[in-house]
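Basis for what follows: all heavy atoms, side chains included, without hydrogens, waters or symmetry-related copies. If you're wondering where the values come from, they're calculated on a predicted model, not measured in any experiment.
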Amino acid sequence: MQTAAAGIKLESVTKTLGKTRALDAVSLDFKGGLLHGIIGPNGAGKTTLLRILAGLLHPDSGAVRFSRGGAQIPFGDIRPEIAYFPQEPSLYPDLSCAEHLEFFRDLYQLPRAEFAQKSEALLHLARLEKFRNRRAGQLSGGMYKKLGLICVLLHAPEILLLDEPTIGVDPVSRRELWDLMHDFSAGRMTIIMSTSYMDEAERCARVQLLENGKLLAGGEPGALLEKLGAASFEKVFLREGK
């Protein structure tokens with residue numbers, strides 16, 4: 001991994017899906033090495049934004065620029081360092097936790113010695129050691145999400161994109177997922193995660209508030225609430241809705 005994590009800038013990005021303007025001239029600045037939250041209700045444009053960052057969708061207009069240490073990076077060069085974990089179920093229900101890790105080992109072409117060390121460490125961090133032989137289809141919602149997360153973390157990506165990773169997860173697993181994200185952030189990895197849970201905004205280093213495809217505001221959570229004169233992000237969205 002590089003010594004300086006990559007950053008991303010969006011410049012007036014617009015995307016229309018069918019008759020819906022999913023993103024409307026959105027400009028954002030994701031600083032490298034921080035945990036960023038894209039906060040907004042369902043239909044805000046969060047998934048579309050993440051898919052554009054992952055290269056799965058292309059903006060109708062505007063630009064997405066990647067950089068490291070102030071120098072711009074072509075998307076083709078940074079693409080292998082981007083990992084995307086979608087909201088939809090993406091694991092194989094008949095494969096065990098260990099078999100999933102082995103599958104991603106082969107996908108990332110990791111040396112066996114490196115894989116053995118990393119997989120054990122990740123299973124320990126996710127508290128899945130005792131469940132290594134359990135099939136993904138038999139895991140609880142929280143365990144399933146943790147397995148998916150450690151699979152994409154196996155090759156230590158520089159940029160990690162997570163679409164609603166805590167939705168439908170029990171409180172204990174939700175806390176453990178946040179612990180994992182903070183462990184892998186810490187200046188070494190740029191993490192961008194979306195959530196519709198307003199209380200999670202304050203766990204991020206920076207947040208961007210989206211609604212109906214438009215950027216409402218962005219910044220450090222505490223300072224942003226003070227600037228907006230609101231006690232919580234839920235009240236910000238309730239006020240905007242009115």
Side-chain angles (χ1 to χ4, degrees), residues 1-11 13 15 26-38 46-59 62-88 90-91 100-123 125-126 145-165 177-195 204-208:
M1 182 178 293
Q2 305 291 328
T3 54
I8 312 173
K9 280 190 176 182
L10 281 76
E11 300 172 355
V13 168
K15 182 66 180 178
V26 172
S27 295
L28 296 171
D29 188 357
F30 296 110
K31 300 293 185 184
L34 297 179
L35 173 54
H36 299 269
I38 304 170
K46 304 186 298 297
T47 296
T48 301
L49 174 56
L50 287 177
R51 288 177 177 172
I52 286 176
L53 296 180
L56 301 176
L57 291 175
H58 298 288
V64 180
R65 307 190 190 281
F66 296 83
S67 64
R68 186 190 298 117
Q72 191 165 323
I73 312 169
F75 179 73
D77 291 349
I78 194 68
R79 180 64 187 90
E81 297 297 329
I82 299 175
Y84 173 58
F85 185 44
Q87 180 180 341
E88 298 81 6
S90 55
L91 302 178
H100 271 97
L101 288 168
E102 290 167 0
F103 172 81
F104 278 86
R105 174 199 65 197
D106 295 340
L107 182 67
Y108 298 138
Q109 298 182 332
L110 294 177
R112 289 188 177 273
E114 180 184 348
F115 166 74
Q117 181 181 9
K118 284 186 174 180
S119 61
E120 287 302 317
L122 288 168
L123 284 168
L125 282 172
K145 290 290 183 72
K146 288 190 291 183
L147 174 60
L149 182 55
I150 65 173
C151 283
V152 297
L153 285 171
L154 194 59
H155 81 304
E158 195 171 346
I159 297 172
L160 178 60
L161 308 174
L162 304 170
D163 193 5
E164 302 260 16
L177 279 165
W178 271 101
D179 289 342
L180 277 172
M181 288 188 284
H182 280 294
D183 285 344
F184 280 88
S185 174
R188 299 176 293 118
M189 185 183 294
T190 303
I191 299 178
I192 304 172
M193 60 88 67
S194 68
T195 182
C204 303
R206 299 287 187 277
V207 293
Q208 308 293 340

Next on the checklist: For a 4.5 angstrom cut-off between non-hydrogen side-chain atoms, does Leu160 reach Leu149?
Outcome noted: yes

Item to check | side chain to side chain contact (heavy atoms under 4.5 Å, CB included) partner of Leu161, the single match among Leu56, Ile191, Leu53 | outcome: Leu53

Next on the checklist: Going by side chain to side chain donor-acceptor pair (under 3.5 Å), name the pairs with one or both residues in residues 100-117, residues two or more places apart or in two chains.
Outcome noted: Glu114-Lys118

Checklist entry - Is there a side-chain contact between Cys151 and Leu101 (heavy atoms, below 4.5 Å)? => result yes

Item to check | Close side-chain approach of Ile82 and Phe75, heavy atoms under 4.5 Å | outcome: yes

Item to check | Considering all heavy atoms, the nearest Lys46-Ile38 contact | outcome: CD-O, 3.5 Å

Checklist entry - Are side-chain heavy atoms of Ile192 and Ile8 found at a separation under 4.5 Å? => result yes

Checklist entry - Quick one: are Met193 and Trp178 in side-chain contact, heavy atoms under 4.5 Å? => result yes

Item to check | From CA spacing to verdict: side-chain contact (heavy atoms from CB on, under 4.5 Å), Leu154, Leu107 | outcome: CA-CA 10 Å; Leu154 194 59; Leu107 182 67; over 6 Å; no

Checklist outcome for this item: Heavy-atom closest pair (Leu177 atom, Lys146 atom, distance to 0.1 Å) is CD2-CG, 3.7 Å

Checklist entry - Are Phe30 and Ile159 close enough, and set up right, to give a side-chain contact (heavy atoms from CB on, under 4.5 Å), and what steps lead you there? => result CA-CA 11 Å; Phe30 296 110; Ile159 297 172; over 6 Å; no

Item to check | Closest non-hydrogen atom pair, Leu28 against Gln208 | outcome: CD2-OE1, 3.2 Å

Checklist entry - What pairs of residues pass the side chain to side chain donor-acceptor pair (under 3.5 Å) test when at least one of them lies in residues 48-59, not counting sequence neighbours? => result Arg51-Glu88

Checklist entry - What are the two closest non-hydrogen atoms of Ala63 and Val13, and how far apart are they? => result O-CG2, 3.5 Å

Checklist outcome for this item: Scanning both residues in full, the closest heavy-atom pair of Asp77 with Ile73 reads CB-CG2, 3.8 Å

Next on the checklist: Determine whether Phe104 and Leu110 satisfy the following criterion, side-chain contact (heavy atoms from CB on, under 4.5 Å), listing intermediate values before the conclusion.
Outcome noted: CA-CA 9 Å; Phe104 278 86; Leu110 294 177; over 6 Å; no

Checklist outcome for this item: Ile52 and Pro59 have their tightest heavy-atom pair at CG2-CD, 4.1 Å

Checklist entry - Where the side chain of Lys9 meets the backbone of Arg65, is there a donor-acceptor pair that is under 3.5 Å apart? => result no

Checklist entry - Are any side-chain N or O atoms of Thr190 and backbone N or O atoms of Gly33, one a donor and one an acceptor, separated by less than 3.5 Å? => result yes

Item to check | Met181 and Leu162: CA distance, side-chain angles, deciding distance, side-chain contact (heavy atoms from CB on, under 4.5 Å) verdict | outcome: CA-CA 10 Å; Met181 288 188 284; Leu162 304 170; 3.4 Å; yes

Item to check | Any donor-acceptor pair under 3.5 Å from Glu158 side chain to Ala6 backbone | outcome: yes

